[in-house]
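Here the structure comes first, spelled out in structure tokens, and everything after it is commentary.
The sequence lines fix the lettering, A, B, ..., with proteins before strands; numbering per chain opens at 1.
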Amino acid sequence: SSTAGSGAEDGGVVVMAASSLTEVMETVFEGRESVTPLFAASSTLVAQLVAGAEADVLITANAATMDRAVAEGSVRGEPVLIAVNTLVLATPAGNPGDVTGLADLSRRSLLVGLCAAEVPCGSLAQQALSEASVTPSVDTLEPNVRALTTKISLGELDAGLVYATDASTAGLATVDAPELHDHRNGYYVASVSAEPAPEVQAVIDDFTGLGSTGAEALYAYGFGRP
Amino acid sequence: MSSPTRVRADPGTEPRPASRLPVPLTWVGFLALGLLLLPIVGLLQRAPWSALPSILGESEVLEALRVSLIVSLAATAACIVLGLPLAFVLARRRLRFPRIIRAVVMLPMVLPPVVAGTALLFALGRRGLVGQWLDSWFGVSLPFTTAGSVVAAAFVALPFFVVTVEAALRQAGDELDEAAATLGAGAWATLAHVTLPTIRPALAAGTALAWARALGEFGATLTFAGNFPGRTRTLPLETYLALERNPEAAVAISLVLMAVALAVLVTLRDRWMPR
Amino acid sequence: MSSPTRVRADPGTEPRPASRLPVPLTWVGFLALGLLLLPIVGLLQRAPWSALPSILGESEVLEALRVSLIVSLAATAACIVLGLPLAFVLARRRLRFPRIIRAVVMLPMVLPPVVAGTALLFALGRRGLVGQWLDSWFGVSLPFTTAGSVVAAAFVALPFFVVTVEAALRQAGDELDEAAATLGAGAWATLAHVTLPTIRPALAAGTALAWARALGEFGATLTFAGNFPGRTRTLPLETYLALERNPEAAVAISLVLMAVALAVLVTLRDRWMPR
Amino acid sequence: MTVTFDGRVARSGWTLQVDGLDIDEGVTAVIGANGTGKTTLGRAVAGLDRLASGRLEIAGAVADDPAAGVFVPAHRRRVAMVFQDLRLFGHLRVIDNVAFGLRRAGADRAGARHQAGVLLERVGVDSAAWPRRPAALSGGQRQRVAIARALAPEPEVLIVDEPLASVDSSGRAQLRSLLGDSPAGHVILITHDPVDVATLAERVVVLDGGAVASRGSAAEVTASPGCEWAATFLGANVVPGRAHGTSVTTEGGLVLDVAEEAAGPVYVTFPAHAVTLHRDRPAGSARNAWQAELRRVDIDGERARVHLGGPVAVKADVTRRSADELNLQPGLTIWASFKATEVTIVT
Amino acid sequence: MTVTFDGRVARSGWTLQVDGLDIDEGVTAVIGANGTGKTTLGRAVAGLDRLASGRLEIAGAVADDPAAGVFVPAHRRRVAMVFQDLRLFGHLRVIDNVAFGLRRAGADRAGARHQAGVLLERVGVDSAAWPRRPAALSGGQRQRVAIARALAPEPEVLIVDEPLASVDSSGRAQLRSLLGDSPAGHVILITHDPVDVATLAERVVVLDGGAVASRGSAAEVTASPGCEWAATFLGANVVPGRAHGTSVTTEGGLVLDVAEEAAGPVYVTFPAHAVTLHRDRPAGSARNAWQAELRRVDIDGERARVHLGGPVAVKADVTRRSADELNLQPGLTIWASFKATEVTIVT
Ligand SMILES: Nc1ncnc2c1ncn2[C@@H]1O[C@H](COP(=O)(O)OP(=O)(O)OP(=O)(O)O)[C@@H](O)[C@H]1O
Ligand SMILES: Nc1ncnc2c1ncn2[C@@H]1O[C@H](COP(=O)(O)OP(=O)(O)OP(=O)(O)O)[C@@H](O)[C@H]1O
Ligand SMILES: [Mg+2]
Ligand SMILES: [Mg+2]
């Protein structure tokens, strides 16, 4: 009567996934009628789970939200890191601000955007910049990567630090910044119940097992190997 | 008797002289119209016209359109059914704390949609204040159902309807209601045949506002009702998801949304509100 | 002369008999009020009361409150300045395509906020339709400024004001305007001393709607103007970010938002609108 | 059947207090100066204002009795009202305004419209106007529509609040006969037009300052109008004095002969048209003659109303012609007289 | 100074056509049946309705001339109007309603209120009502406020649309003298009250079906009312006939003696009150006597209007008393006569 998936009962599997995974997941689950993906921001997904949403698998775009789901008792399975995403220094096509490296972010004449520190791409960017001793002249702290890439692609911002996957989907130019290579964000998968039904476990294995189709799709899409 | 004004010599089509507006006001009015249209023109200009047919042909978009129409119309109906009585109570009853109650009605408007959705989960979610009883007594659970989307959309749209209609009721007064009563019209008949027709412009406006708000609603619906194709995924959600992968498609879907809104508003609203 | 109704024997405080509402209507009205309040009660119930002082003492929250008030009030002012003339033009001028123009005014309402923000970028962004000229001629760039936030908030709030006021103007007619004209009142004086006071309930309602919408606005502001503390980060944005990190804090900030809205609406709205 | 009004209607800072007023069937005129409570009285009977205390009965049934907690709402009273400010329904066509009450009583649309058309014809509204909205009518046409609307549901009590104020003179005669023939058991006719009172009213109620000053047949009320305003309106003179047998000594010391015996303080009332004016001391049978000072002359059409000072303040109505012949000018000293048989004594 | 109206006002399906009407200073009464265009005429003069063609001049200045593209808006015309439906400002106190025009003319608040108070006193609105909203007044009080409001800005032209309709009788006399003494150069008095015409009007304009049927002094218009309605209203008899010297032969074959010489087709007009009724053939000098059939008697206060058939259809006004004495009943055959000197001949 009520919810999106009633899990093991009808053999369907409900997968809650971070919205940055929308496209990949749609590819992965293409033709698999029994799997129902639901997309929203990781934090929204966790709030829904806490409020009693019925789902079988949770995939978040960072460790913090997954940790919260575990702490709230909404997720009982063991979280597993399935992919990572690297930060890149992105500019609009044609690089109108002549950005050559991370240090340029401190130029006051440039319009620079980062993610807000509250979201993973923002905390990553902060770490990377402080390690590189760059004090950026920031004009905006976007609460999600999508908003940041939109502004860069429209030329409203001259530069920003975004995930590699987002930069490539949005067709942004990237500037090589070696300081960023070590700064990555993890994607985690976990079963909602402590003892997942076999078909649920199968969906999880699809991402965790070596050489599995789900994981390969993630890598093909630009995500890094854990 | 000073300074006669030169006017177009076509009095047949002139508005009545007294209702003429100050000229600068008219300018500003048209300027405002222009400013309002500017972003929409911007959207149209960047629209991927050539890709449009293929994007709009996607079954997902059509499905989302269907969900959007169902959800927004049901939410509008709920707004009318609940909002009309509430507007009457606010405008015509002596209330104990009138100012506070009137302000409280507007609170859902100031909540950021995501918070509104969260609040709905707290109240009507499966573990919510009332939701837990709905679940255990009636087996009814609203989140992740079309009904849930309707509830979320109605929650954010209701204040618009109520506030608009209430203002009109105050402006209308009760002289005509009294006349109807002396002609044998009971409370219901007076309502249907006198009060509501008298505030028809505001009813139409309130309904249009509520519908438009429900149609564009996104944050509260997503948070409360989730995002499931064919059930809770509305056009704004489709747009949001499309933004993640293909911004052009998002613009295209927004165009659909606007076209639908325009069509509905043009055909329906002016039917209730002949000049 | 059938079935007398028993009533409370206190006629001094009774409303006039003819304005009595059908009883079921009153019930539904109070039910609607209850439903509207339910999620807010849910929010209050889950509020982290003990942690509240520390969360609200954070300077960021206070700064966001300041930005929110500035942006929402400036946007409301813009809505009045632009919206009043537009409402007058729509209600009183003969227009060429009245239905379409009236529907177009409502379009910003149906756009999902993110799309609205994107549309604003297309139009007024650095590379936008008009924005590029603003930039190269005047060196004015709206994105990432407080002014940009105001523009975005005004864009989404304007239709609410216009539609409400327009409906009231139609309901009011122009009889009193004519009377004012014969007493020597020009177009402006008539406006100020007759027309606007006559539609005062709707003016107050429209202003409150616009302000509440601007205060709660989030998607369009974020997309168009970004998010920088002390400049463009409003309370809804603060709430949204808090959701990422500490949902309890988000609830707490929403409470601030509601408290501010309640305070402003209770003190201001009823000052313009005495019973 | 009777409407019995015995109670109080309270407004902020103003009260209508009516003690035991019985309004019988037929046409009852309610007269009184502006702001004396005529409309308030009508509203209370119609059920639009509540009694603060007391009791209202319509045709034997209690309609309002706050002490007993009874209040029959307006729409169940079969009391229709023509409002002073008309209150036509702006959103309905003229014909549907008139059909409104019939529809509420259960008539179908065609039947109601047919009947409404008959009534509109009777009140003299041309059929070209029937499909229009009231805003597209002239003032007098609107007032006719308001009358037709109130007549349509055939109410038991019809309250008409200055129904002929802006109707033209020929329409007035027509509508007067319509109101006189009204099938409504009671017509409460609030009016400022003496002609309405003279031609229509079987009974007159005079209100003054929120209370009943006088009531009765037109003749009775003219004889005893109860307040200065009504006296003027009805053209009556009211002179206080002290009676002894068939003569009355006024406060000014004048001794008047009357046809009735009485004793103690009384009012001598006689209509203004009963007073005759003369240049010289009148001969003949009229013993009630005195010298008066002419204060003011109001010309009103063919009639002149002469205000006299002197031992008694009295009004005299004469034709304009005789006013001209007598060359009446303020300040003139003139003889006034009336016949003892024209006088009514009120104790 | 004159208001000259020569043009056409078009409504959907209805037109007012006025050809060369000069309205001189003083009080001009505009009369006519309901819906004949009186209010429309006033609105056009006030600048609330536009001429479709023609020309309107006020005090020598063109106020409206569509062909020349000139239109002086209402607020610049110094033309105030008392509306038939009052149109008081519901959001303003009574005193501020009256002060409105003064404030627009530049007076400060205190000064305007002071002057407004003076006016309100003059129209008889008690100072207790000044701080109230119009909704808390009685109908007659509201009408007085509307009159005071229009008088306040001392307009050049004052248009009063049935200003006394719901004012009580004593107030009427008071307001009439106020309007008669109005400092406004022109008072256009739209009215259905013959007394207004008789007591106030220096000139009368009769409208019929959207056109001027007659105009002139009260006597001239009574002599030549131009339409059936006005004839009735003014109490005039209009008899068509053929003149030869000082006698006129009516269509019914009756020969009437008149005091003027004329020839050819004429109208013989004489007021209803000039006709005398007799049981028997009248003796004496009145040669214009004939036997008539009594058709109808309208009692109107102390006056009875008798409608006669026979060789000529004529109305006779007699006192109610003589109507009673003559025992006038429909169907009766009776003698009627009038004196040749009472007649006006219109060719
Ligand atoms: N909007 C309209 N459409 C069509 N006809 C109209 C409209 N408004 C008024 N009329 C007609 O215009 C005519 C003139 O109206 P006006 O108000 O001038 O009459 P009036 O002489 O003032 O009558 P009254 O004595 O009843 O006030 C009337 O016959 C009326 O029906
Ligand atoms: N809301 C109010 N507050 C205070 N006084 C009021 C209110 N409404 C009416 N009144 C007063 O009540 C009194 C009675 O009013 P009502 O309308 O009954 O008079 P009326 O006899 O019909 O007069 P009119 O001949 O002018 O129509 C008036 O003096 C009026 O000023
Ligand atoms: Mg009254
Ligand atoms: Mg009129």
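Ranking C/Leu129, C/Leu158, C/Leu124 against chain B, the residue ahead of the rest is C/Leu129, based on heavy-atom pairs under 4.5 Å. With chain B as partner, the option from C/Gly206, C/Gly128, C/Ala168, C/Ala119 having the largest number of non-hydrogen pairs under 4.5 angstrom is C/Ala119. Of the listed residues (B/Phe88, B/Phe218, B/Phe160), the one with the most heavy-atom contacts under 4.5 Å to chain C is B/Phe160. Ranked by heavy-atom pairs under 4.5 Å with chain B, the list C/Leu215, C/Leu44, C/Val28, C/Val81 is led by C/Val28. Among B/Gly83, B/Pro85, B/Gly216, the residue making the largest number of heavy-atom pairs under 4.5 Å with chain C is B/Pro85. With chain C as the partner, the residue from B/Leu84, B/Val115, B/Leu37 showing the most heavy-atom pairs under 4.5 Å is B/Val115. The choice from C/Leu235, C/Val104, C/Val151 that makes the most heavy-atom pairs within less than 4.5 Å of chain B is C/Val104. If you tally non-hydrogen atom pairs under 4.5 Å between each of B/Gly125, B/Gly42, B/Ala261 and chain C, the highest count goes to B/Gly42. With chain C as partner, the option from B/Gly219, B/Ala116, B/Ala187 having the largest number of non-hydrogen pairs under 4.5 angstrom is B/Ala187.
The shortest side-chain heavy-atom distance between C/Leu169 and B/Pro201 does not fall under the 4.5 Å cut-off. Counting only heavy atoms from C-beta outward, the side chains of C/Leu265 and B/Arg99 never approach each other to under 4.5 Å. C/Val114 has its side chain out of reach of B/Thr239: every pair of non-hydrogen atoms, C-beta onward, lies at least 4.5 Å apart. Counting only heavy atoms from C-beta outward, the side chains of C/Leu43 and B/Leu111 approach each other to under 4.5 Å. Looking only at side-chain heavy atoms (C-beta outward), C/Phe122 and B/Pro39 stay at 4.5 Å or farther from each other. In this structure, the side chains of C/Leu209 and B/Met106 come closer than 4.5 Å at one or more pairs of heavy atoms. Looking only at side-chain heavy atoms (C-beta outward), B/Leu36 and C/Leu86 come within less than 4.5 Å of each other. At least one side-chain heavy atom of C/Arg213 sits under 4.5 Å from a side-chain heavy atom of B/Arg213.
Neither the backbone nor the side chain of B/Ala214 comes within contact range of chain C; no heavy atoms are under 4.5 Å apart. Heavy atoms of B/Val251 lying under 4.5 Å from chain C belong exclusively to its side chain. For C/Ala87, no part lies under 4.5 angstrom from a heavy atom of chain B. Of the atoms belonging to C/Ile199, heavy atoms from both backbone and side chain fall under 4.5 Å from chain B. With a 4.5 Å cut-off on non-hydrogen atoms, C/Gln171 touches chain B through its backbone and its side chain both.
Of all the heavy atoms in B/Leu21 and C/Arg93, the pair that sits closest is CD1-CG, 3.9 Å.
For B/Trp188, the side chain to side chain contact (heavy atoms under 4.5 Å, CB included) partners are B/Leu191, C/Pro22, C/Pro24, C/Leu25, not counting sequence neighbours.
Taking CZ from C/Phe30 and CG from B/Leu82, the interatomic distance works out to 14.0 Å, rounded to the nearest 0.5 Å.
Paired with C/Leu33 under the rule side chain to side chain contact (heavy atoms under 4.5 Å, CB included), one option of B/Val105, B/Leu95, B/Val89 passes, and it is B/Val105.
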